[in-house]
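Structure record follows, encoded as structure tokens.
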Amino acid sequence: QVQLVESGGGLVQAGDSLRLSCAASGRTFSTYVMGWFRQAPGQEREFVAFINWSGSRTYYGASVQGRFTISRDNAKNTVYLQMSSLRPEDTAVYYCAAGQSTGWAILPGQYDYWGQGTQVTVSS
């Protein structure tokens, strides 16, 4: 069982940066792949970023490639999402997720545990 708690969301202006954190409970955090997803009102949950258990492999959604960076600190049981050059279309609730996929996990169904989400609002 893994419990995830996101933090770091807020209201920013276009072009600003923001870092989200996701703290995980449990002693097996380092065995999970981690992902970030986002969901805007009336839209489906969208894949944002993936990181494997060691942090050696990452993958990003096309809309955030080059602007967002995912990282993890297994000693702190925490995964981060550094967001730069934010745009109004990045406005959404951001969720972190944990799973035990052996490959690239970019679909919500590949994750077993979810946080409650944190709101990010980017004004123009």
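Below, each value reflects all heavy atoms present in this structure, side chains not excepted, and no hydrogens, waters or symmetry copies. If you read the sequence from its start, that first residue is 1, and numbering goes on from there.
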With rounding to the nearest 0.5 angstrom, report the [atom1] to [atom2] distance, [X] to [Y].
X   : Y    : atom1 : atom2 : result
S21 : L4   : OG    : CG    : 12.5 Å
L20 : R38  : CG    : CZ    : 11.0 Å
T58 : M34  : OG1   : CE    : 14.5 Å
C22 : R72  : SG    : CZ    : 10.0 Å
N77 : Q3   : CG    : CD    : 12.5 Å
T28 : Q100 : OG1   : CD    : 7.0 Å

Q: Tell me whether the guanidinium CZ or amine NZ of R19 lies under 6.0 angstrom from the six-membered ring centre of Y80 and within 45° of its axis.
A: yes
N/O donor-acceptor pair under 3.5 Å between [X] side chain and [Y] backbone:
X   : Y    : value
T78 : K76  : yes
R67 : S63  : yes
N74 : G55  : no
Y60 : I70  : yes
S17 : S84  : no
E6  : Q116 : yes

Q) Is there a path from W53 to Y113 through hydrophobic residues (I, L, V, M, F, W, Y) whose side chains come within less than 4.5 Å of each other? A) no
(Q) Count I, L, V, M, F, W, Y as connected when their side-chain heavy atoms are under 4.5 Å apart, and connections chain through other members. Are L18 and W36 then in the same cluster? (A) yes
Contact summary for [X] and [Y], nearest pair of heavy atoms:
X    : Y    : value
F29  : A24  : CD1-CB, 3.3 Å
S101 : Q110 : OG-NE2, 4.0 Å
Q43  : Q39  : O-NE2, 3.0 Å

Q. Cluster partners of V93, using ILVMFWY side-chain heavy atoms under 4.5 angstrom, listed by chain and number?
A. V33, F37, F47, F50, Y59, Y95, W104, I106, L107, Y111, W114
Could you tell me if the side chain of [Y] sits less than 4.5 Å from the side chain of [X], heavy atoms only?
X    : Y   : value
M83  : Y94 : yes
L81  : V48 : yes
V120 : T91 : no

Q) With E89, which residues qualify under salt bridge (Lys or Arg N to Asp or Glu O under 4.0 Å), at least two apart? A) none
